[in-house]
Amino acid sequence: MTPVEALTRITALRAEVAHHDELYYRRARPEITDFEYDQLKRKLADLEAKFPSADVAAGNVSPTDQVGDDRTEGFATYRHRERMMSLDNTYSPEELHEFHERLVRLIGRDQLAYVVEPKIDGLAVSLTFEKGKLVRAVTRGNGIEGDDITANARTIHSLPRELKTSPDAPIPDIIEIRGEVFLTLAEFQRINKLREEAGEPLYANPRNLAAGTIKQLDPREVAQRKLEIVLYGLGYCEPSTALPTTQSGYHELVRAWGLPTVEKYWPVQGAAETWAAVQELDRLRGKFAYATDGAVVKLDSIPLQREAGATSKSPRWAMAYKFAAERAETRLNAITIQIGRTGVLTPVAELEPVHLAGSTVARATLHNRDEIARKDIRVGDFVFVEKAGEVIPAVVAVNATRRTPACVPYTFPEKCPICATPVVQIEGEVALRCPNYECPVQVRRRVQHFASKACVDIDGLGIAMVDVLVEKGWVKSVADIYRLRRDDLLTLGKSVEKSTDKLLAAIEASKQAELWRFIHGLGVTHVGAAAAKDLALKFGSLDAIAHAKFEDFIADKKSVIEGIGETMAQAIMEHFNDPRNRALVSELSELGLQPAAPVKRVASSVVFAGKTFVLTGTLPTMSREQAAEKIEAAGGKVSGSVSKKTSYVLAGEEAGSKLEKAKSLGVTVIDEAEFLRLLGS
Ligand code: IVH
């Protein structure tokens with residue numbers, strides 16, 4: 001390769017890495033596996049090392065010198081007191097061995113003590129505690145400054161607001177504690193199931209969902225998902241003398257402060273023990289609460305860590321050994337196209353079923369048109385599928401050696417496979433969309449979403465039933481649900497009388513569902529249940545929302561309704577600018593919909609009716625007045641003092657004597673996350 005060719009290649013690779021960084025860190029929607037990404041970065045680093053002059057000529061800083069950047073719009077940025085670094089990683093046992101040899105040479109000792117610990121596949125965060133109190137949570141960002149996600153982190157149940165102190169665990173004035181935010185597999189599956197029911201695209205793995213969640217602009221949406229955290233390291237500390245002198249000491253201290261920490265770590269000596277621990281971790285990791293994608297090996301001694309130092313992006317005293325994803329080879333029988341509620345076309349690989357990581361895989365996502373072209377995936381090819389902490393498997397590559405001449409390049413459909421409308425490219429996105437609002441799939445998905453549990457919740461109108469109704473041509477829009485005729489439904493089978501009457505009764509009853517359910521059911525982009533509830537309270541009717549002006553949401557660049565920012569306001573305006581969406585609102589009202597007004601709805605809340613609440617301390621996302629409003633609207637009472645009759649104490653940060661009293665009387669104490677859950681139930 002000539003230097004000129006190298007320069008071209010380096011520039012191209014940098015652009016490619018930057019593209020995948022953006023997808024992974026900012027959008028939490030990666031299109032390649034971690035393994036492919038690591039390969040790409042390594043290829044770039046190798047070339048840069050071979051052609052240092054080309055490296056300089058290629059200008060801007062190379063992504064190989066950086067840690068990626070997760071900062072996103074809508075959050076305040078905060079500068080870490082001490083940099084958050086990345087880790088060198090490898091998939092090769094030899095390279096792990098070389099890491100040890102390097103340290104032996106560097107430090108000049110034969111025996112070195114390490115700690116082997118799980119590499120948690122979550123999202124890096126740094127928590128700052130001042131005088132033992134949690135004051136800030138920040139994402140890694142670019143390593144120097146990150147997004148302030150304090151309000152969102154406060155919804156994490158297992159994260160105490162205050163460190164426990166004991167003679168063995170004194171509390172420094174200021175300390176940054178590092179860790180990962182994650183979602184359990186069970187929680188990931190729960191959320192995906194809800195999304196499936198609502199016809200929404202699924203998240204590929206818990207890490208993406210956790211990353212997407214922590215970056216939600218509305219902490220109440222975050223509180224709906226049970227985020228967890230694990231802490232494994234210490235950053236800045238004042239006074240610095242307060243810290244232990246070993247990494248294992250860090251783990252013990254973090255645990256003694258009452259913070260969630262890694263389930264197991266292995267103190268080891270030398271290379272052989274390190275490798276044995278890495279393998280044991282691999283055997284055990286399936287039982288951990290979080291997904292692990294590798295092992296992190298760290299020098300145990302902090303003074304030796306300091307001696308080893310760091311390169312521009314990662315420490316020399318630590319190394320991540322990543323476990324190779326389980327991979328299988330199988331034939332790609334077909335590529336089908338799935339169409340979402342908004343008409344986006346997603347290609348899906350239909351595979352010859354193959355056993356992979358404990359389950360049988362018959363389908364895998366292919367992301368989009370560009371991805372198929374980039375990997376040159378053709379129907380009839382033998383492909384490699386992988387599942388690396390990924391719950392939805394991905395096609396990573398084609399086995400070129402097994403390609404036959406019969407395999408021709410795949411042409412992405414130019415027309416919607418369902419309604420034959422020419423597809424259009426969405427500006428600024430790779431996705432292609434069917435612009436036909438009446439396309440039967442879009443209709444189906446819109447109706448499914450509307451009728452789902454998360455929205456109007458019409459019993460008996462599940463995915464399969466909606467499919468039938470749309471296919472019969474009886475339902476062409478959400479409004480048609482309310483025009484269904486008993487006679488038609490009775491033709492669906494022999495003894496369907498009972499179920500038909502049940503369904504019709506459920507549809508009739510749904511006319512009086514709470515207003516927020518209808519708002520959510522309309523499927524406005526970005527408007528989840530929490531926002532729908534706010535909109536219901538503020539506007540009181542569907543019609544009022546449909547005719548709202550931008551100023552009703554944003555005045556003087558500030559939100560009029562707490563929790564509804566500019567992006568959401570814009571989406572609402574766009575939605576109702578479409579005459580079809582506005583027409584639906586008037587049709588629904590003509591059909592006799594009488595959504596229950598928000599106050600009436602919550603007044604019937606079983607959880608709150610007749611219950612007495614005492615509020616104390618500072619709540620993460622709302623004032624005490626706002627909380628009181630919600631309690632009263634839900635039929636509860638707010639009292640100023642704690643007694644035996646108090647049902648709940650809702651406690652925030654710096655809760656004082658009221659909290660103590662509640663504890664001594666055995667009154668149930670809840671935090672805001674729990675409170676929001678109660679409100680939602
Ligand atoms: S130590 C200076 N330990 O993996 C060393 N990182 O690929 C900083 N990670 O940025 C990191 N589990 O977000 C460390 N047990 C662990 C980890 C861990 C997961 C993440 C972390 C880091 C990334 C590097």
Side-chain angles (χ1 to χ4, degrees), residues 82 84-93 95-122 124-127 168-169 175-180 182 229-237 240 242-257 259-285 287-311 314-323:
E82 193 174 299
M84 284 181 85
M85 292 213 271
S86 178
L87 286 174
D88 274 342
N89 70 49
T90 180
Y91 290 85
S92 134
E95 282 185 11
L96 186 62
H97 200 262
E98 282 162 23
F99 156 76
H100 164 68
E101 307 262 275
R102 222 170 21 247
L103 282 176
V104 164
R105 282 198 303 276
L106 195 73
I107 292 173
R109 289 197 198 168
D110 280 350
Q111 265 311 343
L112 287 173
Y114 298 100
V115 168
V116 175
E117 55 188 58
K119 182 173 185 325
I120 301 117
D121 197 11
V125 288
S126 176
L127 307 177
D168 293 341
I175 184 146
E176 287 180 347
I177 307 181
R178 268 77 195 264
E180 300 272 312
F182 68 96
I229 194 164
V230 51
L231 298 150
Y232 52 68
L234 303 182
Y236 177 84
C237 181
S240 59
L243 288 183
T245 54
T246 59
Q247 172 67 25
S248 31
Y250 278 8
H251 284 308
E252 293 311 316
L253 186 57
V254 168
R255 184 164 313 178
W257 280 334
L259 298 172
T261 181
V262 289
E263 290 178 50
K264 193 170 161 71
Y265 65 89
W266 287 259
V268 293
Q269 297 277 342
E273 279 184 33
T274 298
W275 183 239
V278 169
Q279 284 175 302
E280 194 184 331
L281 167 60
D282 193 12
R283 282 195 296 277
L284 290 182
R285 67 193 173 111
K287 296 202 178 73
F288 293 165
Y290 33 78
T292 42
D293 55 349
V296 184
V297 182
K298 299 175 180 171
L299 260 184
D300 195 25
S301 155
I302 308 294
L304 289 188
Q305 287 185 1
R306 241 172 258 132
E307 206 176 312
T311 66
S314 48
R316 288 197 191 86
W317 47 264
M319 177 84 146
Y321 174 80
K322 294 234 228 166
F323 300 120

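Values in this document were obtained by computation on a predicted structure and should not be read as measured data.
At distances below 3.5 Å, not a single donor-acceptor pair connects side-chain atoms of Glu176 with backbone N or O atoms of Gly235. The backbone N or O of Ser248 lies less than 3.5 Å from a partner atom in the side chain of Asp300, making a donor-acceptor pair. The backbone N or O of Ala308 sits less than 3.5 Å from a side-chain atom of Arg316, completing a donor-acceptor pair.
Counting only heavy atoms from C-beta outward, the side chains of Leu259 and Leu127 never approach each other to under 4.5 Å. Looking at Phe323 and Val278, their side chains come closer than 4.5 Å, going by heavy atoms from C-beta outward. Contact of the Leu304 side chain with the Trp317 side chain is not registered, since no non-hydrogen atoms from C-beta on lie closer than 4.5 Å. Counting only heavy atoms from C-beta outward, the side chains of Val297 and Val268 never approach each other to under 4.5 Å. In this structure, Ser301 and Thr245 have side chains that are not in contact, with every pair of non-hydrogen atoms separated by 4.5 Å or more. Side-chain contact between Tyr232 and Lys119 is absent, with no heavy-atom pair separated by less than 4.5 Å.
Summarising the geometry of Pro260 relative to Val254, their closest heavy-atom pair is O-CG1, 4.5 Å, with the distance given to 0.1 Å. Contact between Ala289 and Phe182 at its shortest, heavy atoms only, is O-CE1, 3.9 Å. Across every non-hydrogen atom of Pro118 and Val296, the tightest pair is O-CG2, 4.3 Å. When all heavy atoms of Arg255 and Thr261 are compared, the closest pair comes out as NE-CG2, 3.1 Å. Nearest approach of Ser86 to Ser314, heavy atoms of both residues: O-CB, 3.0 Å.
Phe288 and Tyr290 have tilted rings, their planes meeting at an angle from 30° to 60° on a 0 to 90° scale.
Once rounded to the nearest 0.5 Å, the distance linking OG1 of Thr292 with NZ of Lys287 reads 12.0 Å. Interatomic distance, CZ of Phe99 versus OG1 of Thr274, reported as 8.5 Å (0.5 Å rounding). Atom CE of residue Met85 and atom CZ of residue Arg178 lie 9.5 Å apart, to the nearest 0.5 angstrom. In this structure, the separation between CG on Asp293 and NZ on Lys322 is 5.0 Å, given to the nearest 0.5 Å. Rounding to the nearest 0.5 Å places CG of Leu234 at 8.0 Å from CD1 of Ile302.
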Side chain to side chain contact (heavy atoms under 4.5 Å, CB included) assessment of Leu281 paired with Tyr321: CA-CA 11 Å; Leu281 167 60; Tyr321 174 80; over 6 Å; no

Intermediate values then yes/no, side chain to side chain contact (heavy atoms under 4.5 Å, CB included), Ile177 and Trp257: CA-CA 11 Å; Ile177 307 181; Trp257 280 334; 3.8 Å; yes

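Listed by chain and number, the residues in a side-chain hydrogen bond (donor to acceptor under 3.5 Å, both in side chains) with Thr90 are Glu95 (sequence neighbours excluded).
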Please tabulate, one pair per line, all N/O donor-acceptor pairs under 3.5 Å involving side-chain atoms of residues 102-117, not counting sequence neighbours.
| residue | atom | partner | partner atom | Å |
| --- | --- | --- | --- | --- |
| Tyr114 | OH | His100 | ND1 | 2.7 |
| Glu117 | OE1 | Gln247 | NE2 | 3.3 |
| Glu117 | OE1 | His251 | NE2 | 2.6 |
| Glu117 | OE2 | Lys298 | NZ | 2.5 |

